[in-house]
Amino acid sequence: MDQPRQDQARDRSLRVLLSAYALSQLGNWLFRTGVVFFAYNQNNGSTAVLTTAIVLVYLPILFGSRLLAPLADRLDTRRTLIGLDAVRAVLLAVLLVVVWIGVGSTSAATIGVMALLSVLTPFFTASQTAYLRRVLPSERIPGALASVSRIDWSTFVLGTAAAPLLLQFSDLPMLIILDIVTFVVSGSLLMRLMLAPKPADGPGAGQAGSWKPRLTLSSKWLLVSVFALNAGAGLINVYPNVVARDFLGGGAGWLSAINLANGVGGVIGATLAGRLRERGGLRAGVLAAVVVAVSLAGMTFVTTAWIAILASSLMLLAGQVFAVTFQSRILADEPVAVAGRVSGLFTLCTFAGVTASMLLFIGITSSESMRGSFTALLVLASVVALVSAVVGFTALRRYGDRSADPVLAAEPAPLDVRSERL
């Protein structure tokens, strides 16, 4: 298969993959937002239910990142992606039957299904990353990851805005049906993907099922930086609600404004990360970590609405540049054959940092008033994010701005036109 035809086939598969991902992510955000909103309302605004819902999103992702993500390196990534969409649709179909029949607690059933979907999320992400790593040349990985990030934030804006409205004008079964449709259509699109070539055996690519190479030192440094950044920036998960309720008078309008601005900031950041892919390197990611630290400090202006909104949006913008840059470098530094495992470790460090941030939030704010503790917590988060920048800068000085190992950054195998499924 000549090079122009290979490039066309890759571009076609990338478009299909991103389209399917956009649909499945929209379904994910609709369901997660709708379930939390439904359970919170059904239990008269119980903070215990809200906290439980959040925990059952994060903890399963940690388990899925560690236990399921490495399986992506052993399996046919195309079939795995299709199968995961089918499994998610089936889980939602079971929930739909439970809701219609009215067996047991609807809130418990919906939160339970959300936890199961969260377990599968890192497996899907790892399979998608492994597919991209096997199909695309190394220089196109940052751009592809930036596109994935842009979809994440675009669907976040749409899903978080649409789910409460859908529940107001319809009901939970209708939301579940819509989610099922998104996964079914996504899986149908994925059937059009070409088969990804399996990584060649041998040093630097080994057999993922029996050979587990140690991470390079550069990747270990970068993963520590990822954890530290999210341990600080993870407060963004509660920031909109806390600021709107405790500092701006509890107006739903302010909550919507903060969430919308944050989503737009994430989309802009992902787009910027894609534009930076030609210059690339760790330098942009380290600078982004510094911007995150400065933005967290700016977020302490919680009683000044527009400064708080701009600071949190800037933080998310810089966070996307950081994530795309660092993940791209880690993938380039590790063998193609373990891309799924590497993706799982990146997700693990990301959500472990967010979990640490949430535990810190619960611990500090439970012993003092929100007004007295939240600003101090943001200052601490800024310091932790600055530590991430220092660790990233140390890795930059030790290992260079770009991956220098041509063996680890090997290109995927040539594509075979006969492996396409169109």
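Here, residue 1 is the first one in the sequence, and each next residue gets the next number. Model, not experiment: these values are computed from the prediction.
- Contact of the D85 side chain with the S24 side chain is registered, since non-hydrogen atoms from C-beta on lie closer than 4.5 Å.
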query: Can you list the steps and then say if T125 with S343 is a side chain to side chain donor-acceptor pair (under 3.5 Å)?
result: CA-CA 7 Å; T125 301; S343 174; 6.0 Å; no
message: One pair to check against side chain to side chain contact (heavy atoms under 4.5 Å, CB included): S186 and Q25. What are the steps and the verdict?
response: CA-CA 10 Å; S186 173; Q25 274 300 89; over 6 Å; no
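- Side chain of S65 to main chain of I61: a donor-acceptor pair is present (N/O by atom type, distance under 3.5 Å, no hydrogens or angles).
- One finds the OG1 atom of T355 at 4.5 Å from the CG atom of L62 (value rounded to the nearest 0.5 Å).
- In this structure, CD1 in I309 is found 10.0 Å from CG in N259, a value given to the nearest 0.5 Å.
- Nearest approach of A146 to V324, heavy atoms of both residues: CA-CG2, 3.9 Å.
- Atom CZ of residue F63 and atom CG of residue L59 lie 6.5 Å apart, to the nearest 0.5 angstrom.
- Judged by distance alone, the side chain of D73 and the main-chain N or O of R341 form a donor-acceptor pair under 3.5 Å.
- Residues L222 and V391 form no side-chain contact, since every pair of their non-hydrogen atoms from C-beta on lies 4.5 Å or further apart.
- Taking 4.5 Å as the limit, every side-chain heavy atom of F322 sits out of range of all side-chain heavy atoms of V292.
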Stepwise salt bridge (charged side-chain N to carboxylate O under 4.0 Å, His left out) test for D333 and R329: CA-CA 6 Å; D333 282 351; R329 173 59 184 267; 2.8 Å; yes
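- T155 contributes no side-chain N or O that, together with a main-chain N or O of A22, makes up a donor-acceptor pair within less than 3.5 Å.
- Looking at E334, its side chain does come within 3.5 Å of a backbone N or O of T216 through a donor-acceptor pair.
- Among residue pairs with one or both ends in residues 172-193, none qualify as ring pair (Phe, Tyr, Trp, His ring centres under 6.0 Å); sequence neighbours excluded.
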- prompt: For L223 and L215, what are the C-alpha separation, side-chain angles and deciding distance, and is it a side chain to side chain contact (heavy atoms under 4.5 Å, CB included)?
  reply: CA-CA 10 Å; L223 287 172; L215 291 176; 3.7 Å; yes
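- Shown here for A284 and T325, the closest heavy-atom pair between the two residues is CB-OG1, 4.4 Å.
- A heavy-atom distance below 4.5 Å is not found between the side chains of L117 and M114.
- Residues I268 and W153 form no side-chain contact, since every pair of their non-hydrogen atoms from C-beta on lies 4.5 Å or further apart.
- A cation-pi arrangement is not found for R398 relative to F393, the charged atom failing to lie both closer than 6.0 Å to the ring centre and inside a 45° cone about the ring normal.
- Here the shortest heavy-atom pairing between S312 and I258 reads OG-CG2, 4.4 Å.
- Counting only heavy atoms from C-beta outward, the side chains of N230 and F351 never approach each other to under 4.5 Å.
- Here L189 contributes atom CG and L18 contributes atom CG; the two are 11.5 Å apart, rounded to the nearest 0.5 Å.
- Contact detail for L14 and A144: the closest heavy-atom pair is CD1-CB, 4.3 Å.
- Taken from CZ in R192 to CZ in R15, the straight-line distance is 10.5 Å, to the nearest 0.5 Å.
- Between the Y239 side chain and the M299 main chain, a donor and an acceptor come within less than 3.5 Å of each other.
- Proximity of L360 to L380: side-chain heavy atoms (C-beta onward) are separated by under 4.5 Å at one or more points.
- Checked by atom type and distance alone, the side chain of S357 pairs as donor or acceptor with a backbone atom of L235 at under 3.5 Å.
- Side-chain N or O atoms of R78 include one that pairs as donor or acceptor with a backbone N or O of M191 at under 3.5 Å.
- Atom-to-atom distance recorded for L175:CG and L96:CG is 10.5 Å, nearest 0.5 angstrom.
- Across G340 and A130, no two heavy atoms sit closer than the pair N-CB, 4.0 Å.
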message: Does Y131 form a side chain to side chain contact (heavy atoms under 4.5 Å, CB included) with T80? I'd like the steps, not just the answer.
response: CA-CA 10 Å; Y131 181 87; T80 301; over 6 Å; no
- request: Could you give me the CA-CA distance, side-chain angles and deciding distance for R140 and L132, then say whether side chain to side chain contact (heavy atoms under 4.5 Å, CB included) is met?
  value: CA-CA 9 Å; R140 294 193 59 183; L132 291 171; over 6 Å; no
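- Side-chain N/O atoms of D11 and Q8 include no donor and acceptor closer than 3.5 Å.
- Considering only heavy atoms from C-beta on, L120 comes within 4.5 Å of L91 through its side chain.
- In this structure, D76 contributes its side chain and R79 its backbone to a donor-acceptor pair below 3.5 Å.
- With no hydrogens or angles considered, a side-chain donor-acceptor pair links S388 and S225 at under 3.5 Å.
- Closest approach of G400 to L282, counting heavy atoms only: O-CD1, 3.8 Å.
- Not a single donor-acceptor pair under 3.5 Å links the side chain of S13 to the backbone N or O of L193.
- For residues 74-98, the set of pairs meeting the ring pair (Phe, Tyr, Trp, His ring centres under 6.0 Å) definition, not counting sequence neighbours, is empty.
- In this pair, W29 and F156 present their aromatic rings perpendicular. The plane angle is above 60°, beyond the 30 to 60° band.
- S382 contributes no side-chain N or O that, together with a main-chain N or O of L378, makes up a donor-acceptor pair within less than 3.5 Å.
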